[in-house]
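This chain uses plain numbering: 1 for the first residue, then up along the sequence. Please read these numbers as outputs of a predicted model, since none were measured by experiment.
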Amino acid sequence: MISFSLQKKLHAANGNMLFDISHNIKPCSFIGIYGASGAGKTSLLRMLAGFLEPEKGFIKVQENNWYSSNRKINLAPQKRSIGFVFQDYALFPNMTVKENLLFAIDKASPKNLVEELLALVELEQLHNRKIQTLSGGQKQRVALARALVRKPDLLLLDEPLSALDEELRDKLQSLILNVHKQFNLTTLLVSHDIAEMIRLADEILFIKDGVVEKSGSPVEMFAAHNNGTLQLGGIVIDKINDELCLLIGRDLFRIKVDATKLISFEKGDSVMVNLETKDVKLKKLV
Ligand SMILES: Nc1ncnc2c1ncn2[C@@H]1O[C@H](COP(=O)(O)OP(=O)(O)OP(=O)(O)O)[C@@H](O)[C@H]1O
């Protein structure tokens with residue numbers, strides 16, 4: 001079990017925000033962290049990783065105390081059994097793929113671990129290539145392999161796929177799920193992509209203003225109850241006159257929006273579309 005209770009005053013855009021999040025995570029579960037920009041999602045991952053020190057609380061991973069304000073324990077990030085992948089990869093650009101993995105490896109690890117990981121993320125043929133010559137998707141696969149070289153107790157993923165196109169995201173989501181299961185990982189994923197959350201996570205923590213507003217299964221969190229509303233997650237692709245052009249799943253939609261509301265949307269924003277469903281006709285496709 002991974003248990004934590006973390007408190008810290010953060011400086012939000014509109015003043016101080018008390019970050020106060022506690023949770024128990026069952027081993028091998030996949031937790032999705034969802035919430036608006038500035039809610040405290042990245043801060044949670046940074047506190048768990050040891051990059052941001054809380055003011056109060058504890059982090060207990062199985063029987064190990066990673067952090068305890070009472071007992072004055074605060075393990076450095078390299079002493080915590082974590083792997084992390086962020087959106088900007090954080091790889092060494094002048095090193096090769098293999099050198100990046102070797103740099104992170106524990107001396108006691110089996111000799112063939114790097115080869116095993118390169119095979120897992122399908123990068124054996126590129127092992128000698130410098131990072132700066134790789135595509136975004138390839139870099140992200142290196143970052144994922146590197147996060148696994150120490151067989152971490154906790155894998156922290158902070159919007160790792162948000163810079164990639166839909167097809168690549170789809171492929172890497174499968175890879176992440178595969179790796180999560182194969183390595184018996186406990187994984188925390190920050191994402192704005194509801195479809196990604198539904199596909200990957202067992203449990204969602206919905207964070208608002210530094211606290212968990214609600215938590216539950218993806219279905220409980222994202223699927224509206226039978227209240228006549230259909231909720232669809234999408235991304236703003238463009239604004240054309242009084243219409244928003246939205247990508248919902250693999251389809252493009254143009255939706256008329258009130259001019260006063262239209263100005264609050266930007267290209268790339270994640271949105272939730274609520275549709276009234278009246279007299280719905282369903283037809284089974286065979
Ligand atoms: N070290 C820090 N000290 C004080 N405040 C901080 C610190 N780091 C971040 N903050 C503030 O805490 C708030 C939450 O930031 P955080 O990066 O956790 O948000 P987020 O939910 O990940 O947002 P986004 O989705 O935009 O990445 C922000 O207002 C940020 O400015």
Side-chain angles (χ1 to χ4, degrees), residues 27-33 42 45 49 77-78 80-202 218 235 247 249-250:
C28 304
S29 47
F30 200 124
I31 310 290
I33 315 285
T42 297
L45 296 200
Q78 61 273 24
R80 301 182 185 202
S81 176
I82 46 164
F84 48 88
V85 182
F86 299 135
Q87 187 187 338
D88 61 2
Y89 320 120
L91 298 165
F92 295 110
N94 291 321
M95 287 189 190
T96 66
V97 168
K98 195 167 177 179
E99 284 164 352
N100 265 275
L101 299 195
L102 287 170
F103 188 84
I105 206 162
D106 191 13
K107 303 273 173 295
S109 301
K111 286 218 158 41
N112 59 350
L113 179 63
V114 166
E115 276 71 27
E116 210 181 286
L117 287 171
L118 287 172
L120 186 73
V121 297
E122 297 175 18
L123 282 177
E124 301 115 302
Q125 283 166 348
L126 298 180
H127 75 272
N128 242 342
R129 286 268 293 274
K130 289 247 181 357
I131 296 297
Q132 60 204 6
T133 70
L134 300 181
S135 71
Q138 290 164 341
K139 284 183 198 163
Q140 210 47 306
R141 278 188 277 154
V142 182
L144 185 60
R146 191 194 48 181
L148 298 173
V149 291
R150 286 172 178 256
K151 303 242 165 141
D153 283 330
L154 194 55
L155 179 64
L156 304 172
L157 306 172
D158 195 351
E159 301 197 55
L161 311 182
S162 57
L164 308 177
D165 67 42
E166 177 112 12
E167 201 179 323
L168 212 48
R169 270 211 312 260
D170 196 65
K171 235 180 133 187
L172 285 184
Q173 282 165 3
S174 304
L175 179 64
I176 287 173
L177 205 52
N178 208 353
V179 160
H180 167 80
K181 288 186 181 149
Q182 209 169 317
F183 280 68
N184 296 320
L185 295 167
T186 302
T187 304
L188 263 73
L189 167 76
V190 169
S191 173
H192 286 108
D193 183 341
I194 292 175
E196 187 165 291
M197 289 287 187
I198 291 169
R199 179 166 180 198
L200 300 179
D202 314 311
I235 294 172
L247 181 68
R250 293 180 191 278

* To do: Answer whether the closest heavy-atom distance between the side chains of L113 and I105 falls below 4.5 Å.
  => yes
* Would you name the heavy atoms of S81 and K151 that are closest together and state the gap between them? => OG-O, 3.9 Å
* To do: Indicate whether the side chain of R169 and that of S162 have a donor and an acceptor atom separated by less than 3.5 Å.
  => no
* **Sole residue of L134, L126, V121 in side chain to side chain contact (heavy atoms under 4.5 Å, CB included) with V142** => L134
* To do: Determine the minimum heavy-atom distance between I82 and P152, stating which atoms define it.
  => C-CB, 3.4 Å
* Hey, are R80 and D153 close enough for a salt bridge, meaning a charged N less than 4.0 Å from a carboxylate O? -> no
* To do: Measure across A201 and G32 and return the closest heavy-atom pair with its distance rounded to 0.1 Å.
  => CB-N, 3.7 Å
* To do: Please report the shortest heavy-atom distance between F183 and L120, naming the atom on each side.
  => CE1-CD2, 3.6 Å
* **Pair T96-N128, side-chain donor/acceptor within less than 3.5 Å** => no
* Asked: Is a side-chain donor or acceptor of N100 paired with a backbone partner of L91 at a separation under 3.5 angstrom?
  -> no
* Asked: How about V190 and L157: do any of their side-chain heavy atoms sit closer than 4.5 Å?
  -> no
* To do: Quick one: pull up CG in L156 and OG1 in T187 and give me the separation to the nearest 0.5 Å.
  => 8.5 Å
* To do: Decide side-chain contact (heavy atoms from CB on, under 4.5 Å) for E99 and F92; before the verdict, give the C-alpha distance in whole Å, the side-chain angles of both, and the deciding distance to 0.1 Å.
  => CA-CA 9 Å; E99 284 164 352; F92 295 110; over 6 Å; no
* Heavy atoms, side chains only, cut-off 4.5 Å: are L117 and V149 in contact? -> yes
* Do E159 and T42 come within less than 4.5 Å of each other through their side chains, counting heavy atoms only? -> no
* Check the pair Q173 / N178 against side-chain contact (heavy atoms from CB on, under 4.5 Å), numbers first and verdict last. => CA-CA 9 Å; Q173 282 165 3; N178 208 353; over 6 Å; no
* Counting distance only, does the side-chain N/O of R150 pair as donor-acceptor with the main-chain N or O of A104 below 3.5 Å? -> yes
* Asked: Are the side chain of R141 and the backbone N or O of A145 linked by a donor-acceptor pair below 3.5 Å?
  -> no
* Count the heavy atoms belonging to other residues, nucleotides or ligands that lie under 6.0 Å from CD of Q125, then report whether that count exceeds 12. => no
* Asked: For S191 and E196, does a side-chain donor sit closer than 3.5 Å to a side-chain acceptor?
  -> yes
* Asked: Once you round to the nearest 0.5 Å, how far does NZ of K139 lie from CD1 of I131?
  -> 8.0 Å
* **CG-CD1 distance between L155 and I176, expressed to the nearest 0.5 angstrom** => 8.0 Å
* Test item: T186 side-chain N/O and C28 main-chain N/O as donor-acceptor pair under 3.5 Å -> yes
* Can any side-chain N or O of Q140 pair as donor or acceptor with the backbone N or O of P160 at less than 3.5 Å? -> yes
* Asked: So does E115 pair up with K98, basic N to acidic O under 4.0 Å?
  -> yes
* To do: Hey, could you give me the CD/CG distance between Q182 and L148, rounded to the nearest 0.5 Å?
  => 9.5 Å
* Structure fact -> Scanning both residues in full, the closest heavy-atom pair of V85 with A147 reads CG2-CB, 3.7 Å
* Asked: Which value, rounded to the nearest 0.5 Å, describes the distance between I235 atom CD1 and D193 atom CG?
  -> 6.0 Å
* Asked: How close do F30 and L200 get, heavy atom to heavy atom, and via which atoms?
  -> CG-O, 3.4 Å
* To do: Starting at CG of L144, measure out to CG of L172 and round the result to the nearest 0.5 Å.
  => 7.5 Å
